[in-house]
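Single-structure report; data block below.
From a predicted model like this one, the values you see are computed outputs, not experimental measurements. No hydrogens, no waters, no symmetry mates; every other heavy atom, side chains included, goes into these values. Labels below follow one simple rule: chain letters A, B, ... track the order of the sequence lines, proteins then strands, and each chain is numbered from 1.
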2 protein chains.
Amino acid sequence: MPETASLSAIQDSPFARKLAAFVKLSDLDLTAMSDLYRRRRRFAVGVDMIHQGQTNQSAYVVASGWACSYKILPGGSRQIVDIQIPGDFLGLRSVLFRTADHNVEPITLVQASEVKQRDLLNTFSQTPRLATAVLWAASRDEAMVVEHLVDIGRRSATERMAHFLLELGARLRLVGLGTRAGYLCPMSQYLLADALGLSAVHVNRVLRELREEGMLTFQKGRVVFDDYDALVEMAGFDRTYLDQDRPLLL
Amino acid sequence: MPETASLSAIQDSPFARKLAAFVKLSDLDLTAMSDLYRRRRRFAVGVDMIHQGQTNQSAYVVASGWACSYKILPGGSRQIVDIQIPGDFLGLRSVLFRTADHNVEPITLVQASEVKQRDLLNTFSQTPRLATAVLWAASRDEAMVVEHLVDIGRRSATERMAHFLLELGARLRLVGLGTRAGYLCPMSQYLLADALGLSAVHVNRVLRELREEGMLTFQKGRVVFDDYDALVEMAGFDRTYLDQDRPLLL
DNA sequence: CAGCCGGACTGATCTGGATCAGCAATCGGA
DNA sequence: TCCGATTGCTGATCCAGATCAGTCCGGCTG
(Lines give C-alpha, C1' and ligand atoms only; values in the text may rest on other atoms or scores of the structure.)
Protein backbone atom coordinates (compact mmCIF):
# COMPACT_ATOMS: atom_id res chain seq x y z
CA MET A 1 0.00 0.00 0.00
CA PRO A 2 1.65 3.20 -1.12
CA GLU A 3 -0.44 5.30 1.33
CA THR A 4 0.89 3.67 4.45
CA ALA A 5 4.38 3.65 3.01
CA SER A 6 4.30 7.42 2.47
CA LEU A 7 2.66 7.88 5.87
CA SER A 8 5.48 6.15 7.64
CA ALA A 9 7.97 8.19 5.62
CA ILE A 10 6.32 11.36 6.92
CA GLN A 11 6.25 9.93 10.41
CA ASP A 12 10.02 9.58 10.33
CA SER A 13 10.65 13.16 9.19
CA PRO A 14 12.33 15.40 11.76
CA PHE A 15 9.27 17.68 11.77
CA ALA A 16 6.86 14.88 12.67
CA ARG A 17 9.27 13.52 15.25
CA LYS A 18 9.31 16.88 16.94
CA LEU A 19 5.55 17.45 16.92
CA ALA A 20 4.94 13.89 18.09
CA ALA A 21 6.60 14.89 21.33
CA PHE A 22 3.56 17.06 21.95
CA VAL A 23 0.51 15.49 20.28
CA LYS A 24 -0.20 12.01 19.14
CA LEU A 25 -0.71 12.59 15.43
CA SER A 26 -3.59 10.77 13.74
CA ASP A 27 -3.39 9.43 10.20
CA LEU A 28 -5.50 12.40 9.16
CA ASP A 29 -2.93 14.79 10.67
CA LEU A 30 -0.09 12.93 8.98
CA THR A 31 -1.83 13.04 5.63
CA ALA A 32 -2.41 16.77 5.99
CA MET A 33 1.25 17.12 6.87
CA SER A 34 2.40 15.18 3.85
CA ASP A 35 0.36 17.58 1.68
CA LEU A 36 2.33 20.45 3.15
CA TYR A 37 5.49 18.59 2.27
CA ARG A 38 5.03 18.55 -1.50
CA ARG A 39 7.01 21.51 -2.73
CA ARG A 40 10.63 20.66 -1.96
CA ARG A 41 13.29 23.32 -2.59
CA ARG A 42 17.06 23.76 -2.23
CA PHE A 43 18.89 26.86 -1.01
CA ALA A 44 22.61 27.44 -1.49
CA VAL A 45 24.79 29.31 0.99
CA GLY A 46 24.67 33.03 0.31
CA VAL A 47 21.12 33.14 -1.00
CA ASP A 48 18.68 34.40 1.64
CA MET A 49 15.55 32.29 2.05
CA ILE A 50 13.49 35.07 3.62
CA HIS A 51 14.00 38.80 3.24
CA GLN A 52 13.12 41.34 5.91
CA GLY A 53 10.43 43.73 4.69
CA GLN A 54 9.22 41.58 1.82
CA THR A 55 5.57 40.65 1.66
CA ASN A 56 3.76 37.40 0.93
CA GLN A 57 6.64 35.15 1.78
CA SER A 58 6.24 31.42 2.18
CA ALA A 59 7.24 29.45 5.23
CA TYR A 60 9.46 26.36 5.12
CA VAL A 61 10.02 23.18 7.03
CA VAL A 62 13.70 22.29 7.06
CA ALA A 63 14.47 18.77 5.87
CA SER A 64 18.26 18.99 5.95
CA GLY A 65 20.91 21.62 6.53
CA TRP A 66 21.25 24.56 8.90
CA ALA A 67 19.97 28.13 8.57
CA CYS A 68 19.86 31.18 10.80
CA SER A 69 17.33 33.97 11.19
CA TYR A 70 18.68 37.41 11.91
CA LYS A 71 17.89 41.09 11.93
CA ILE A 72 19.91 43.90 10.45
CA LEU A 73 19.86 47.19 12.31
CA PRO A 74 20.29 50.63 10.81
CA GLY A 75 24.00 50.90 11.52
CA GLY A 76 25.00 47.67 9.84
CA SER A 77 25.46 45.28 12.73
CA ARG A 78 23.29 42.22 12.83
CA GLN A 79 21.87 40.02 15.54
CA ILE A 80 21.23 36.35 14.90
CA VAL A 81 18.00 35.50 16.64
CA ASP A 82 17.72 31.79 16.17
CA ILE A 83 19.30 28.82 14.44
CA GLN A 84 17.16 26.48 12.37
CA ILE A 85 18.04 22.82 12.15
CA PRO A 86 16.21 19.94 10.44
CA GLY A 87 12.61 19.67 11.63
CA ASP A 88 12.28 23.34 12.41
CA PHE A 89 9.61 25.60 11.04
CA LEU A 90 11.05 28.71 9.48
CA GLY A 91 9.41 31.97 8.50
CA LEU A 92 6.13 31.24 10.26
CA ARG A 93 5.93 34.86 11.38
CA SER A 94 6.47 36.13 7.85
CA VAL A 95 3.36 34.19 6.85
CA LEU A 96 1.17 35.22 9.77
CA PHE A 97 2.16 38.87 9.44
CA ARG A 98 1.98 40.19 5.96
CA THR A 99 5.61 41.26 5.82
CA ALA A 100 8.70 39.46 7.07
CA ASP A 101 10.26 41.05 10.14
CA HIS A 102 13.54 39.20 9.79
CA ASN A 103 15.92 37.54 7.32
CA VAL A 104 16.77 33.88 7.06
CA GLU A 105 20.04 32.77 5.56
CA PRO A 106 21.33 29.23 4.96
CA ILE A 107 24.47 28.28 6.87
CA THR A 108 24.91 25.14 4.80
CA LEU A 109 23.03 23.86 1.78
CA VAL A 110 19.42 23.67 2.94
CA GLN A 111 16.65 21.42 1.65
CA ALA A 112 13.22 22.54 2.75
CA SER A 113 9.55 22.16 1.94
CA GLU A 114 7.78 25.34 0.96
CA VAL A 115 4.47 25.99 2.72
CA LYS A 116 2.25 28.66 1.20
CA GLN A 117 0.12 30.87 3.38
CA ARG A 118 -3.12 29.56 1.95
CA ASP A 119 -2.14 25.91 2.44
CA LEU A 120 -1.09 26.56 6.00
CA LEU A 121 -4.29 28.31 7.01
CA ASN A 122 -6.41 25.70 5.23
CA THR A 123 -4.61 22.89 6.98
CA PHE A 124 -5.17 24.57 10.32
CA SER A 125 -8.90 24.90 9.82
CA GLN A 126 -9.19 21.27 8.74
CA THR A 127 -6.92 19.67 11.31
CA PRO A 128 -7.09 21.69 14.52
CA ARG A 129 -4.79 19.24 16.27
CA LEU A 130 -2.07 20.10 13.84
CA ALA A 131 -2.72 23.79 14.45
CA THR A 132 -2.32 23.22 18.17
CA ALA A 133 0.85 21.26 17.56
CA VAL A 134 2.29 24.09 15.48
CA LEU A 135 1.31 26.53 18.23
CA TRP A 136 3.23 24.32 20.62
CA ALA A 137 6.27 24.24 18.34
CA ALA A 138 6.11 28.02 17.96
CA SER A 139 5.93 28.39 21.72
CA ARG A 140 8.94 26.15 22.08
CA ASP A 141 10.80 28.40 19.66
CA GLU A 142 9.70 31.40 21.66
CA ALA A 143 11.00 29.76 24.83
CA MET A 144 14.36 29.42 23.12
CA VAL A 145 14.38 33.03 22.06
CA VAL A 146 13.56 33.97 25.64
CA GLU A 147 16.42 31.85 26.89
CA HIS A 148 18.61 33.53 24.31
CA LEU A 149 17.44 36.90 25.60
CA VAL A 150 18.43 35.97 29.13
CA ASP A 151 21.74 34.76 27.71
CA ILE A 152 22.57 38.11 26.28
CA GLY A 153 21.05 40.19 29.05
CA ARG A 154 22.38 38.53 32.13
CA ARG A 155 24.98 35.89 31.43
CA SER A 156 28.72 36.39 31.01
CA ALA A 157 30.32 35.68 27.65
CA THR A 158 31.50 32.26 28.84
CA GLU A 159 28.16 31.21 30.30
CA ARG A 160 26.46 32.43 27.14
CA MET A 161 28.65 30.35 24.89
CA ALA A 162 28.22 27.25 27.04
CA HIS A 163 24.48 27.70 27.24
CA PHE A 164 24.11 28.26 23.53
CA LEU A 165 26.09 25.20 22.55
CA LEU A 166 24.29 23.05 25.13
CA GLU A 167 20.90 24.12 23.85
CA LEU A 168 21.88 23.44 20.28
CA GLY A 169 23.08 20.02 21.35
CA ALA A 170 19.79 19.23 23.08
CA ARG A 171 17.82 20.29 20.00
CA LEU A 172 19.98 18.22 17.68
CA ARG A 173 19.58 15.19 19.89
CA LEU A 174 15.78 15.51 19.60
CA VAL A 175 16.04 14.96 15.87
CA GLY A 176 18.81 12.39 16.08
CA LEU A 177 21.70 14.56 14.92
CA GLY A 178 23.81 14.58 18.04
CA THR A 179 24.63 12.82 21.28
CA ARG A 180 25.62 13.80 24.78
CA ALA A 181 29.21 13.56 23.58
CA GLY A 182 28.87 16.23 20.93
CA TYR A 183 27.78 17.08 17.42
CA LEU A 184 28.84 18.47 14.07
CA CYS A 185 28.37 22.24 13.94
CA PRO A 186 28.91 24.13 10.68
CA MET A 187 28.90 27.58 12.33
CA SER A 188 31.96 29.81 11.93
CA GLN A 189 33.20 31.87 14.84
CA TYR A 190 31.83 34.95 13.09
CA LEU A 191 28.36 33.45 13.08
CA LEU A 192 28.70 32.54 16.74
CA ALA A 193 29.69 36.13 17.46
CA ASP A 194 26.62 37.50 15.71
CA ALA A 195 24.44 35.06 17.60
CA LEU A 196 25.86 35.77 21.03
CA GLY A 197 26.27 39.52 20.68
CA LEU A 198 30.05 39.26 21.00
CA SER A 199 32.93 40.14 18.73
CA ALA A 200 34.54 37.35 16.75
CA VAL A 201 37.76 37.97 18.61
CA HIS A 202 36.09 37.46 21.93
CA VAL A 203 34.35 34.30 20.73
CA ASN A 204 37.74 32.90 19.98
CA ARG A 205 39.07 33.77 23.43
CA VAL A 206 36.04 32.25 25.17
CA LEU A 207 36.31 29.04 23.16
CA ARG A 208 39.97 28.77 24.04
CA GLU A 209 39.18 29.24 27.74
CA LEU A 210 36.48 26.56 27.68
CA ARG A 211 38.89 24.22 25.93
CA GLU A 212 41.71 24.91 28.40
CA GLU A 213 39.37 24.33 31.34
CA GLY A 214 38.40 20.94 29.91
CA MET A 215 34.73 21.87 29.50
CA LEU A 216 34.17 21.67 25.75
CA THR A 217 36.13 21.67 22.52
CA PHE A 218 34.86 23.36 19.36
CA GLN A 219 37.28 22.83 16.52
CA LYS A 220 37.03 21.95 12.88
CA GLY A 221 33.24 22.15 12.81
CA ARG A 222 32.81 19.72 15.66
CA VAL A 223 31.56 20.38 19.21
CA VAL A 224 32.80 17.93 21.83
CA PHE A 225 31.46 18.11 25.38
CA ASP A 226 34.50 17.27 27.49
CA ASP A 227 32.60 17.63 30.77
CA TYR A 228 28.85 17.79 30.16
CA ASP A 229 27.71 18.05 33.77
CA ALA A 230 30.16 20.78 34.68
CA LEU A 231 29.01 22.68 31.62
CA VAL A 232 25.32 22.38 32.55
CA GLU A 233 26.14 23.53 36.06
CA MET A 234 28.24 26.49 34.93
CA ALA A 235 25.77 27.70 32.31
CA GLY A 236 22.70 27.28 34.50
CA PHE A 237 21.17 25.22 31.73
CA ASP A 238 17.54 24.28 32.34
CA ARG A 239 16.53 21.23 30.39
CA THR A 240 12.83 21.26 31.16
CA TYR A 241 11.67 23.28 28.19
CA LEU A 242 13.33 20.94 25.74
CA ASP A 243 12.62 17.65 27.46
CA GLN A 244 9.02 16.84 26.67
CA ASP A 245 9.00 13.27 27.86
CA ARG A 246 5.50 12.27 26.82
CA PRO A 247 2.82 13.80 24.60
CA LEU A 248 0.61 16.28 26.42
CA LEU A 249 -2.33 15.83 24.10
CA LEU A 250 -3.36 12.30 23.23
CA MET B 1 -31.45 39.69 23.92
CA PRO B 2 -28.86 38.93 26.55
CA GLU B 3 -26.77 36.86 24.08
CA THR B 4 -26.04 39.70 21.69
CA ALA B 5 -25.50 42.05 24.63
CA SER B 6 -22.82 39.78 26.10
CA LEU B 7 -21.35 39.19 22.64
CA SER B 8 -20.82 42.88 22.09
CA ALA B 9 -19.31 43.14 25.57
CA ILE B 10 -16.79 40.47 24.57
CA GLN B 11 -16.18 42.19 21.27
CA ASP B 12 -15.10 45.34 23.11
CA SER B 13 -12.64 43.54 25.37
CA PRO B 14 -8.96 44.33 24.75
CA PHE B 15 -8.31 40.69 23.88
CA ALA B 16 -10.94 40.58 21.14
CA ARG B 17 -9.83 43.97 19.84
CA LYS B 18 -6.35 42.64 19.43
CA LEU B 19 -7.31 39.36 17.75
CA ALA B 20 -9.75 41.16 15.47
CA ALA B 21 -6.74 42.88 13.93
CA PHE B 22 -5.84 39.46 12.53
CA VAL B 23 -8.99 37.44 11.94
CA LYS B 24 -12.58 38.47 11.52
CA LEU B 25 -14.15 36.68 14.46
CA SER B 26 -17.48 34.94 13.91
CA ASP B 27 -20.24 34.84 16.52
CA LEU B 28 -19.19 31.26 17.19
CA ASP B 29 -15.64 32.39 17.89
CA LEU B 30 -16.86 35.15 20.16
CA THR B 31 -19.10 32.77 22.07
CA ALA B 32 -16.19 30.37 22.55
CA MET B 33 -14.14 33.29 23.75
CA SER B 34 -16.72 34.40 26.25
CA ASP B 35 -16.69 30.88 27.68
CA LEU B 36 -12.97 31.26 28.29
CA TYR B 37 -13.71 34.53 30.05
CA ARG B 38 -15.81 33.13 32.89
CA ARG B 39 -13.37 32.70 35.75
CA ARG B 40 -12.32 36.25 36.64
CA ARG B 41 -9.57 36.71 39.25
CA ARG B 42 -7.64 39.54 40.92
CA PHE B 43 -3.92 39.62 41.71
CA ALA B 44 -2.36 42.10 44.13
CA VAL B 45 1.16 43.47 43.71
CA GLY B 46 3.70 41.17 45.30
CA VAL B 47 1.83 37.93 44.61
CA ASP B 48 3.24 36.08 41.63
CA MET B 49 0.64 34.90 39.13
CA ILE B 50 2.86 32.19 37.63
CA HIS B 51 5.78 30.43 39.25
CA GLN B 52 8.78 29.09 37.37
CA GLY B 53 9.04 25.32 37.71
CA GLN B 54 5.47 24.74 38.86
CA THR B 55 3.32 22.34 36.91
CA ASN B 56 -0.27 22.47 35.70
CA GLN B 57 -0.55 26.23 35.81
CA SER B 58 -3.44 28.06 34.20
CA ALA B 59 -3.09 30.78 31.61
CA TYR B 60 -4.73 34.20 31.91
CA VAL B 61 -6.09 36.92 29.70
CA VAL B 62 -5.39 40.30 31.24
CA ALA B 63 -8.50 42.51 31.57
CA SER B 64 -6.89 45.40 33.43
CA GLY B 65 -3.56 46.22 35.04
CA TRP B 66 0.06 45.53 34.10
CA ALA B 67 2.25 42.49 34.78
CA CYS B 68 5.71 41.36 33.78
CA SER B 69 7.16 37.96 33.01
CA TYR B 70 10.72 37.34 34.07
CA LYS B 71 13.34 34.69 34.71
CA ILE B 72 15.56 34.31 37.72
CA LEU B 73 19.05 32.97 37.12
CA PRO B 74 21.15 30.99 39.52
CA GLY B 75 23.09 33.96 40.87
CA GLY B 76 20.10 36.05 41.82
CA SER B 77 19.83 38.56 39.00
CA ARG B 78 16.66 38.58 36.98
CA GLN B 79 15.77 39.43 33.42
CA ILE B 80 12.33 40.78 32.60
CA VAL B 81 11.34 39.17 29.33
CA ASP B 82 8.07 40.85 28.50
CA ILE B 83 5.47 43.24 29.84
CA GLN B 84 1.81 42.24 29.80
CA ILE B 85 -0.86 44.87 29.36
CA PRO B 86 -4.64 44.54 29.03
CA GLY B 87 -5.59 42.19 26.19
CA ASP B 88 -2.44 40.13 26.46
CA PHE B 89 -2.32 36.39 26.91
CA LEU B 90 -0.13 35.38 29.79
CA GLY B 91 1.32 32.04 30.72
CA LEU B 92 0.43 30.35 27.45
CA ARG B 93 3.75 28.53 27.47
CA SER B 94 3.19 27.25 31.00
CA VAL B 95 0.02 25.58 29.71
CA LEU B 96 1.47 24.12 26.53
CA PHE B 97 4.51 22.82 28.32
CA ARG B 98 3.73 20.99 31.47
CA THR B 99 5.86 23.20 33.68
CA ALA B 100 6.20 26.98 33.67
CA ASP B 101 9.57 28.20 32.39
CA HIS B 102 9.17 31.71 33.78
CA ASN B 103 7.53 33.79 36.50
CA VAL B 104 4.82 36.38 36.09
CA GLU B 105 4.42 39.14 38.63
CA PRO B 106 1.82 41.93 38.71
CA ILE B 107 3.16 45.48 38.43
CA THR B 108 -0.17 46.96 39.43
CA LEU B 109 -3.37 45.31 40.62
CA VAL B 110 -4.28 42.90 37.81
CA GLN B 111 -7.70 41.58 36.87
CA ALA B 112 -7.53 38.59 34.59
CA SER B 113 -9.59 35.66 33.35
CA GLU B 114 -8.24 32.26 34.19
CA VAL B 115 -8.05 29.79 31.29
CA LYS B 116 -7.54 26.15 32.20
CA GLN B 117 -5.51 23.87 30.01
CA ARG B 118 -8.45 21.63 29.18
CA ASP B 119 -10.71 24.55 28.22
CA LEU B 120 -8.05 26.03 26.01
CA LEU B 121 -7.35 22.83 24.09
CA ASN B 122 -11.07 22.10 23.78
CA THR B 123 -11.72 25.54 22.41
CA PHE B 124 -8.95 25.15 19.88
CA SER B 125 -10.32 21.89 18.54
CA GLN B 126 -13.81 23.33 18.23
CA THR B 127 -12.95 26.74 16.78
CA PRO B 128 -9.81 26.41 14.65
CA ARG B 129 -10.02 30.06 13.64
CA LEU B 130 -9.57 31.03 17.25
CA ALA B 131 -6.61 28.66 17.48
CA THR B 132 -5.06 30.35 14.47
CA ALA B 133 -5.74 33.75 16.00
CA VAL B 134 -4.02 32.73 19.22
CA LEU B 135 -1.11 31.41 17.17
CA TRP B 136 -0.94 34.82 15.55
CA ALA B 137 -1.01 36.59 18.90
CA ALA B 138 1.70 34.28 20.22
CA SER B 139 3.81 35.01 17.14
CA ARG B 140 3.34 38.70 17.70
CA ASP B 141 4.59 38.24 21.26
CA GLU B 142 7.53 36.30 19.93
CA ALA B 143 8.28 39.13 17.51
CA MET B 144 8.42 41.47 20.48
CA VAL B 145 10.74 39.21 22.39
CA VAL B 146 12.94 39.07 19.30
CA GLU B 147 12.95 42.84 19.10
CA HIS B 148 13.80 42.90 22.79
CA LEU B 149 16.66 40.51 22.09
CA VAL B 150 18.04 42.81 19.43
CA ASP B 151 17.60 45.68 21.87
CA ILE B 152 19.83 44.08 24.43
CA GLY B 153 22.28 42.53 22.02
CA ARG B 154 23.01 45.34 19.64
CA ARG B 155 21.54 48.65 20.72
CA SER B 156 23.11 51.22 23.04
CA ALA B 157 21.46 51.90 26.37
CA THR B 158 19.77 55.04 25.01
CA GLU B 159 18.44 53.38 21.85
CA ARG B 160 17.24 50.48 23.97
CA MET B 161 15.28 52.72 26.29
CA ALA B 162 13.73 54.67 23.42
CA HIS B 163 12.83 51.51 21.55
CA PHE B 164 11.29 49.89 24.58
CA LEU B 165 9.11 52.86 25.46
CA LEU B 166 8.04 53.33 21.84
CA GLU B 167 7.01 49.71 21.53
CA LEU B 168 5.06 49.84 24.75
CA GLY B 169 3.32 52.98 23.46
CA ALA B 170 2.37 51.27 20.20
CA ARG B 171 0.95 48.28 22.06
CA LEU B 172 -1.05 50.45 24.44
CA ARG B 173 -2.47 52.42 21.54
CA LEU B 174 -3.76 49.16 20.01
CA VAL B 175 -5.95 48.61 23.05
CA GLY B 176 -6.85 52.25 23.49
CA LEU B 177 -4.66 53.04 26.49
CA GLY B 178 -2.31 55.58 24.95
CA THR B 179 -1.79 58.08 22.17
CA ARG B 180 1.07 59.32 20.07
CA ALA B 181 1.58 61.97 22.75
CA GLY B 182 2.27 59.48 25.52
CA TYR B 183 0.78 57.17 28.13
CA LEU B 184 0.63 56.31 31.81
CA CYS B 185 3.34 53.86 32.80
CA PRO B 186 3.43 52.32 36.29
CA MET B 187 6.96 50.91 35.92
CA SER B 188 9.64 52.01 38.38
CA GLN B 189 13.17 52.68 37.19
CA TYR B 190 14.20 49.43 38.86
CA LEU B 191 11.74 47.49 36.74
CA LEU B 192 12.97 49.27 33.64
CA ALA B 193 16.51 48.30 34.57
CA ASP B 194 15.58 44.63 34.92
CA ALA B 195 13.81 44.76 31.57
CA LEU B 196 16.57 46.46 29.66
CA GLY B 197 19.54 44.69 31.22
CA LEU B 198 20.86 47.92 32.70
CA SER B 199 21.50 49.04 36.25
CA ALA B 200 18.90 51.25 37.90
CA VAL B 201 21.47 53.99 38.15
CA HIS B 202 22.11 53.92 34.46
CA VAL B 203 18.39 53.91 33.66
CA ASN B 204 18.16 57.12 35.53
CA ARG B 205 21.04 58.66 33.60
CA VAL B 206 19.60 57.60 30.25
CA LEU B 207 16.16 58.99 31.07
CA ARG B 208 17.72 62.29 32.05
CA GLU B 209 19.66 62.44 28.78
CA LEU B 210 16.54 61.74 26.73
CA ARG B 211 14.70 64.43 28.64
CA GLU B 212 17.48 66.98 28.22
CA GLU B 213 17.66 66.28 24.50
CA GLY B 214 13.93 66.97 24.21
CA MET B 215 13.10 63.44 23.01
CA LEU B 216 10.88 62.06 25.75
CA THR B 217 9.99 62.71 29.37
CA PHE B 218 9.28 59.91 31.83
CA GLN B 219 8.35 61.31 35.18
CA LYS B 220 5.73 60.58 37.79
CA GLY B 221 4.51 57.46 36.08
CA ARG B 222 3.84 59.23 32.80
CA VAL B 223 5.66 58.87 29.48
CA VAL B 224 5.48 61.91 27.21
CA PHE B 225 6.91 61.75 23.69
CA ASP B 226 8.41 65.21 23.21
CA ASP B 227 9.64 64.43 19.69
CA TYR B 228 8.08 61.21 18.41
CA ASP B 229 9.67 61.18 14.96
CA ALA B 230 13.16 61.89 16.21
CA LEU B 231 12.72 59.08 18.71
CA VAL B 232 11.59 56.58 16.05
CA GLU B 233 14.54 57.58 13.91
CA MET B 234 17.05 57.33 16.71
CA ALA B 235 15.81 53.99 18.03
CA GLY B 236 15.44 52.41 14.57
CA PHE B 237 11.88 51.54 15.51
CA ASP B 238 10.11 49.35 12.96
CA ARG B 239 6.40 49.68 13.17
CA THR B 240 5.43 46.92 10.74
CA TYR B 241 5.06 44.10 13.20
CA LEU B 242 2.66 46.05 15.38
CA ASP B 243 0.71 47.85 12.69
CA GLN B 244 -1.66 45.24 11.35
CA ASP B 245 -3.89 47.54 9.36
CA ARG B 246 -6.49 45.05 8.19
CA PRO B 247 -7.36 41.45 9.09
CA LEU B 248 -5.31 38.88 7.20
CA LEU B 249 -7.90 36.14 7.50
CA LEU B 250 -11.51 37.04 6.68
C1' DC C 1 54.49 26.96 -8.18
C1' DA C 2 53.26 31.50 -6.29
C1' DG C 3 49.65 34.23 -4.85
C1' DC C 4 45.47 34.88 -2.59
C1' DC C 5 41.84 34.69 0.63
C1' DG C 6 39.10 33.42 4.53
C1' DG C 7 39.11 31.61 9.04
C1' DA C 8 41.42 30.97 13.44
C1' DC C 9 44.14 33.14 16.68
C1' DT C 10 46.73 36.77 19.70
C1' DG C 11 48.26 41.11 22.28
C1' DA C 12 47.50 46.17 23.28
C1' DT C 13 44.42 49.68 24.05
C1' DC C 14 39.96 51.90 24.79
C1' DT C 15 35.26 52.55 26.66
C1' DG C 16 30.34 51.83 28.00
C1' DG C 17 28.05 50.70 31.58
C1' DA C 18 28.23 48.28 36.26
C1' DT C 19 29.14 48.96 40.96
C1' DC C 20 29.61 51.51 45.06
C1' DA C 21 28.40 55.16 48.03
C1' DG C 22 25.64 58.69 49.47
C1' DC C 23 21.80 62.47 49.45
C1' DA C 24 17.03 64.46 48.63
C1' DA C 25 12.14 63.98 48.06
C1' DT C 26 7.93 61.53 48.65
C1' DC C 27 4.77 58.35 50.71
C1' DG C 28 2.41 55.43 53.88
C1' DG C 29 1.73 53.59 58.25
C1' DA C 30 1.95 53.72 63.49
C1' DT D 1 3.76 63.81 63.49
C1' DC D 2 7.59 61.29 62.95
C1' DC D 3 10.00 57.36 61.08
C1' DG D 4 11.26 54.00 57.85
C1' DA D 5 10.79 52.51 53.12
C1' DT D 6 10.78 53.49 48.44
C1' DT D 7 12.10 56.08 44.43
C1' DG D 8 14.84 59.49 42.11
C1' DC D 9 19.22 61.48 41.41
C1' DT D 10 24.45 62.22 41.23
C1' DG D 11 29.71 61.55 41.24
C1' DA D 12 33.87 58.32 41.46
C1' DT D 13 35.92 54.07 40.31
C1' DC D 14 36.50 49.64 37.93
C1' DC D 15 36.15 45.94 34.67
C1' DA D 16 34.28 42.99 30.85
C1' DG D 17 34.39 43.01 26.46
C1' DA D 18 34.92 45.96 22.07
C1' DT D 19 38.12 47.61 18.75
C1' DC D 20 42.38 47.80 16.40
C1' DA D 21 46.16 45.82 14.28
C1' DG D 22 48.22 42.43 13.16
C1' DT D 23 50.26 36.88 12.40
C1' DC D 24 49.62 32.14 11.05
C1' DC D 25 47.71 28.38 8.55
C1' DG D 26 45.12 25.62 5.08
C1' DG D 27 42.69 25.43 0.90
C1' DC D 28 41.83 27.19 -3.64
C1' DT D 29 43.05 29.32 -8.10
C1' DG D 30 45.63 30.84 -12.11
Item to check | Parallel, tilted or perpendicular, as decided by the 30° and 60° cut-offs, for the rings of Phe164(A) and His148(A) | outcome: tilted
Separation of atom [atom1] in [X] from atom [atom2] in [N], rounded to whole Å:
{"X": "Phe218(B)", "N": "dT7(D)", "atom1": "CZ", "atom2": "C1'", "result": "12 Å"}
{"X": "Leu207(B)", "N": "dG8(D)", "atom1": "CG", "atom2": "C1'", "result": "10 Å"}
{"X": "Glu209(B)", "N": "dG11(D)", "atom1": "CD", "atom2": "P", "result": "12 Å"}
{"X": "Asn204(A)", "N": "dG7(C)", "atom1": "CG", "atom2": "P", "result": "14 Å"}
{"X": "Gln189(A)", "N": "dA8(C)", "atom1": "CD", "atom2": "P", "result": "4 Å"}
{"X": "Ile107(B)", "N": "dT7(D)", "atom1": "CD1", "atom2": "P", "result": "12 Å"}
{"X": "Gln219(A)", "N": "dG26(D)", "atom1": "CD", "atom2": "C1'", "result": "14 Å"}
{"X": "Met161(B)", "N": "dG16(C)", "atom1": "CE", "atom2": "C1'", "result": "15 Å"}

Checklist entry - Does Arg208(B) have a side-chain nitrogen or oxygen under 4.0 Å from the phosphate oxygens OP1 or OP2 of dC9(D)? => result no
Next on the checklist: Under the criterion salt bridge (charged side-chain N to carboxylate O under 4.0 Å, His left out), I'd like the reasoning laid out for Glu105(B) against Arg78(B): C-alpha separation, chi angles, the key distance, then a yes or no.
Outcome noted: CA-CA 12 Å; Glu105(B) 166 187 299; Arg78(B) 74 167 182 175; 3.6 Å; yes
Checklist entry - Hey, is CZ on Arg40(B) packed in by over 12 heavy atoms from elsewhere, all under 6.0 Å? => result yes
Next on the checklist: Within the supplied structure, the quantity of interest is the number of heavy atoms (other residues, nucleotides, ligands) at a distance under 6.0 Å from Arg39(B) CZ; does it exceed 12?
Outcome noted: yes
Checklist entry - Side chains of Met161(B) and Leu207(B): closer than 4.5 Å at any heavy-atom pair? => result yes
Next on the checklist: Salt bridge or not between Arg93(B) and Glu142(B)? Use side-chain N to carboxylate O under 4.0 Å.
Outcome noted: no
Checklist entry - Which atom names give the shortest non-hydrogen contact between Ile152(A) and Leu196(A), and what distance separates them? => result CG1-O, 3.9 Å
Item to check | Over all atoms of both residues, closest heavy-atom pair of Leu109(B) and Arg42(B) | outcome: CD2-NH2, 3.5 Å
Distance-only donor-acceptor pairs under 3.5 Å for side chains of residues 53-67 of chain A, two or more places apart:
{"unit_1": "Gln54(A)", "atom_1": "OE1", "unit_2": "Gln57(A)", "atom_2": "NE2", "d": "2.8"}
{"unit_1": "Ser58(A)", "atom_1": "OG", "unit_2": "Glu114(A)", "atom_2": "OE2", "d": "2.7"}

Polar pairs (N or O, both sides) under 3.5 Å between protein and nucleotides 15-21 of chain D?
{"unit_1": "dG17(D)", "atom_1": "OP1", "unit_2": "Ala157(A)", "atom_2": "N", "d": "3.1"}
{"unit_1": "dA18(D)", "atom_1": "OP1", "unit_2": "Gly197(A)", "atom_2": "O", "d": "3.2"}
{"unit_1": "dA18(D)", "atom_1": "OP1", "unit_2": "Ser199(A)", "atom_2": "N", "d": "3.3"}
{"unit_1": "dA18(D)", "atom_1": "OP2", "unit_2": "Ser199(A)", "atom_2": "N", "d": "3.4"}
{"unit_1": "dA18(D)", "atom_1": "OP2", "unit_2": "Ser199(A)", "atom_2": "OG", "d": "3.2"}

Checklist outcome for this item: Comparing nearest nucleotides in DNA chain D, the 5'-proximal residue of the pair Tyr190(B), Glu212(B) is Tyr190(B)
Sub-3.5 Å pairs of nitrogen or oxygen atoms, protein against nucleotides 25-30 of chain C:
none

